Visitor: 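Below is a structure I'd like to ask you about.
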Amino acid sequence: MIEISSLSKVYAEATVVDEVSMVVAGGSITAIVGTSGSGKSTLLRMINRLVEPTRGRVVINGRDAATVPGHLLRREIGYAIQGHGLFPHRTVAENIATVPRLLGWQAARTRARVEELLRIFQLEPAEYGAKFPHQLSGGQQQRVGVARALAAEPRVLLMDEPFGALDPIIRGQAQDDLRDIQRRFGTTVVLVTHDIDEAFRLGDHVGVMSRGRLLQYDRPAMLLTHPADPFVSRLTGTADRALKLLSLTTAAQAMEPGAAAGDGPAVAATDSLRDVLAQLLWSGAAAATVRRPDGSAAGQVTLAGILARGRSD
Amino acid sequence: MPRPATLLRLAALALLLAFLIVPQRFAPLFVPFTEYGAPPIYDQGSLPMLALAHLGTVFAATAVSAIVAIGLGILVTRAGGAEFLPLSRTLVNIGQTFPPVAVLAIAVPLVGFGELPTLIALFAYGLLPIFENTLSGLQSCPPAVVEAADGMGMSPRQRLLAVELPLAMPLILEGVRLSLVVNVGTATIGSTVAAKGLGEVIIAGLLSNNTAFILQGGLVTGLMAILLYELMGTVERRILRATHLA
Amino acid sequence: MVQALHARRRIDRLGALLGVVAMVAATTLPFVVFKANRIASGEPRSLLAALPSAPLLLASVALLAVAAAFVRQARARLAAAVVGVLTVALALAWAADALTPAGNRLVRISPGAGCWLLLLAFALIATDALARLRPGPLARVGALALMAAAMWAAFAAGLFDQLSIMREYAVNASGFGRELRQHVLLALGSVGAATLVGLPLGITCHRVPRVRGAILQVLNLVQTIPSIALFGILMVPLGALATAVPLAADLGINGIGPAPAAVALFLYALLPVVANTVVGLGRVSPVAVDAARGMGLTSWQVLGEIELALALPVIITGIRIVLVQNIGLVTIAALIGGGGLGTYVFQGVGQTAIDLVLLGAIPTVALAFSAAVLLDALVDLTGRAAP
């Protein structure tokens, strides 16, 4: 858990972060979204004290961050950034081993952890461990960057536009991977992005920042249905707000009893209503059957049901 | 591709060593450049000793320059030394407008004739390329890499030693190489202020109007500079390959 | 907390350091060196001993030193530093006047360590302030012109005539203009010729990648040969040419003299010109070239109007490098009878007369410095059009 209270950063003339308070629940993903210059990166960098706060307090898992020397604090917190920042003169394995080495881990433990992480990120240790960053593709470099941030088993992971440099397809894959890994390790993730879709896709909670202030901090659906500020509603989009809302709901949540007629498409319980709607429109059917992994029907999702959920309350 | 070049280098090295060890064997080549029966080969001192003295002066001065210049470069790129950065940059630019001869000549009245003024001039002149390259090397580290180092909890010292210096190394080495080669040339001028070195041969030729001396002095220093340049290039590549930056 | 620290630390550390250096230099080190005649050994004289008005001067130096440490605004610091340099220069001139008995032409007064250090400290403060102000190209040229005008006025008024270096000048006055002209001629001529040859060579290298490596490697090799050696080596073929072809000798081509120097300087200048032309042309955006072709420009028009125009700042940077380098190298030409300001440097070394050395060295540095400022300004001006 990260408790941020009245955190501010003031440079000579400008207040970059202005009295931000928020609580990030342990084991969740919080996405902070805002335009460039909104102060979102500064807020993130004050959590691991890459930027020293002017005022306010950050408490991480019960301990005031200001009571620990900055560089020691940062060794306990994972940090991944846009453009990955891999050390070009170190191999992939050496890059990942950076923080364990700083912490003085035994060589065998470090090696085992590096191999574990490489496997998790679908990079065969024997093939990729000895490679240099410039020998990898953009997507692979980014994965190594995240693996490096997770190397010392941090309970908190900070990410600053980690997928900003990736093309859309690899980006989607990287986002899914992050979700999986976050669940697997139960890491508390704070992620900064300028992409509202990414924030909605990843964030259990989403914070919207503008001009140094935290305008709203809530569950994604609440941002869509109850925007606290005109800026929030502009940012979340007016035209496709309904579709965004649908993409936050799964078929399982909108399931009704029964099975669709013969021409209805089959969908999985984890598919979003947005995907289900697309399938219904394409096939011309009025309802889709939700199937369990074993193929049996669990229920149905009807067009009428979807439309009702896409409406603002 | 590299084969003929390597052969050429070895041939140049062999030629240089042969000339330094048994110069008299080359006498017939230089006779046409002498007049009135003057000696065709420099006979006022031992050529190998002069060459060694020359190299010794150059290496000693460049080593000190490297230590001071790299140290200064590190200092002004740290947070505490930032106030000195604009000035040091400008000084490097202005410093390059000082001809080496002037530095040498001004050092003489201060410390007298001999090796010392030459060492001072070589030291001062060798500072500039190394300092400049250290600066640009340290400043051209990708910001994302430096930020990642900080973000992972490296102390400033660890960041410098493990990340910044290794990344700046190619440029720093290039600066040292430049300094070395320039100093081989400047050290020849040191002979005008009585420093031991191969400039003696050329100066002796100029004073006694013996073109053969001038020619052999010029050839030996020229060969030495070229070989040193190539040698440093090889050392550089070795180091870079060892640190995986090539 | 960090913010508060910054607010509290009002002292400029560089200014404070240089201010202390200036104060120590003014109070403890000899301001001038007095010699009864040219070959007598020097007696150091402190500022207090050399000048009746010394206390006033010390007070102003102290004031300026304090200003350097506490005034943080760059313009004010620059003004204080310039006043400092002028004060020290005037004090030097007055001290020389005060120490020279009327009508005595034998006494030699040279600036001492304290004077040099004071000048250096104030010049460094001025340089630092200038570096922070980042003046535009025209402002820099203007400042250079102002400096030159001030120097000229000081010399025309005979302000420094009692100083030893000006005594050396007086002795060499008849030849000084000639050597200066020779120096400039050798430097400019060699760089001019190298530009004329290097530009087409660079364009060729850019267009024909096959020859690029070979040409650059040969030129690189030439650069590594020590200047004195290259001068010496070139004396042989040029001497032979003069003997074989009397016409060449009539034209002034000779083994000894300016000819081998000119050829060597030309060869040294080639590499930076060619290399920078190649780099500059290589950096031109292929999109711009493509667009120009698409609009129907001929190959020559593309070269002239697009490629060379965009590469110009880099090419001029190359010319700046060689011009500064060659102004320095010309001094060595004096060793092989090539003339130039190096003549005084080597004469001075031979006679252990530092003032004679300075008579050659100071104008050389001034020339190189001016060339650097002027060409840097040109680089900036031509670079404005390009992104």
Side-chain angles (χ1 to χ4, degrees), chain A residues 41 44-45 47-51 68-92 94-104 130-135 141-142 144-146 148-152 154 156-162 164-165, chain B residues 70 73-74 77-83 85-86 133-177 233 235-246:
Chain A
S41 284
L44 186 82
R45 291 154 62 90
I47 297 176
N48 67 359
R49 285 180 51 210
L50 272 176
V51 172
V68 191
H71 64 280
L72 297 184
L73 174 76
R74 290 191 279 275
R75 289 178 193 176
E76 300 170 7
I77 300 176
Y79 187 59
I81 53 177
Q82 173 163 23
H84 61 74
L86 293 178
F87 301 144
H89 59 305
R90 300 266 180 92
T91 62
V92 166
E94 286 168 341
N95 261 291
I96 297 176
T98 305
V99 182
R101 261 196 217 147
L102 287 173
L103 292 172
K131 286 201 173 176
F132 285 91
H134 68 91
Q135 297 169 309
Q141 290 172 343
Q142 192 277 334
V144 175
V146 179
R148 184 176 69 171
L150 291 169
V156 173
L157 172 62
L158 306 180
M159 309 182 92
D160 192 349
E161 301 267 7
Chain B
I70 295 173
I74 291 171
T77 48
R78 302 304 99 185
E83 261 168 302
L85 183 62
N133 280 27
T134 307
L135 265 194
S136 48
L138 288 174
Q139 290 184 329
S140 64
C141 283
V145 170
V146 176
E147 163 146 8
D150 281 339
M152 283 188 294
M154 288 191 177
S155 64
R157 197 187 141 85
Q158 285 168 330
R159 188 185 82 192
L160 175 70
L161 292 180
V163 179
E164 290 176 285
L165 274 184
L167 288 181
M169 201 45 79
L171 270 175
I172 296 178
L173 286 175
E174 191 57 35
V176 174
R177 180 188 194 185
V235 170
E236 246 175 81
R237 279 189 295 276
R238 283 275 159 80
I239 293 181
L240 295 190
R241 210 170 299 145
T243 52
H244 312 297
L245 278 169

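Note that the structure is predicted; figures quoted are calculated from it, not measured. Chain naming here is simple, since letters A, B, ... match the order of the sequence lines and numbering starts at 1 in each.
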Visitor: For A/Phe132 and A/His134, take the angle between the two ring planes, folded into 0 to 90°, and tell me which bin it lands in: parallel under 30, tilted 30 to 60, perpendicular over 60.
Guide: parallel

Visitor: If you measure from OG1 on B/Thr134 to CE on B/Met169, what distance do you get to the nearest 0.5 Å?
Guide: 9.0 Å

Visitor: Could you tell me whether B/Asp150 and B/Arg159 have a side-chain N and a carboxylate O separated by less than 4.0 Å?
Guide: yes

Visitor: Which bit of A/Leu102 is near chain B, if near means a heavy-atom gap under 4.5 Å: side chain, backbone, both or neither?
Guide: side chain

Visitor: Quick check on the interface: out of A/Ile77, A/Leu158, A/Ile81, who has the most heavy-atom pairs with chain B under 4.5 Å?
Guide: A/Ile81

Visitor: What is the distance from atom CG of B/Asn133 to atom CD1 of B/Ile172, rounded to the nearest 0.5 Å?
Guide: 8.5 Å

Visitor: If I take atom CE from residue B/Met152 and atom CG from residue A/Asn95, how far apart are they, to the nearest 0.5 angstrom?
Guide: 7.0 Å

Visitor: Counting heavy-atom pairs under 4.5 Å with chain B, which one of A/Leu103, A/Thr98, A/Asn48 comes out on top?
Guide: A/Thr98

Visitor: If we define contacts as heavy-atom pairs under 4.5 Å, which of A/Arg75, A/Glu76, A/Arg49, A/Gln82 has the most with chain B?
Guide: A/Arg75

Visitor: Using non-hydrogen atoms only, which part of A/Arg45 is less than 4.5 Å away from chain B: side chain, backbone, both, or neither?
Guide: side chain

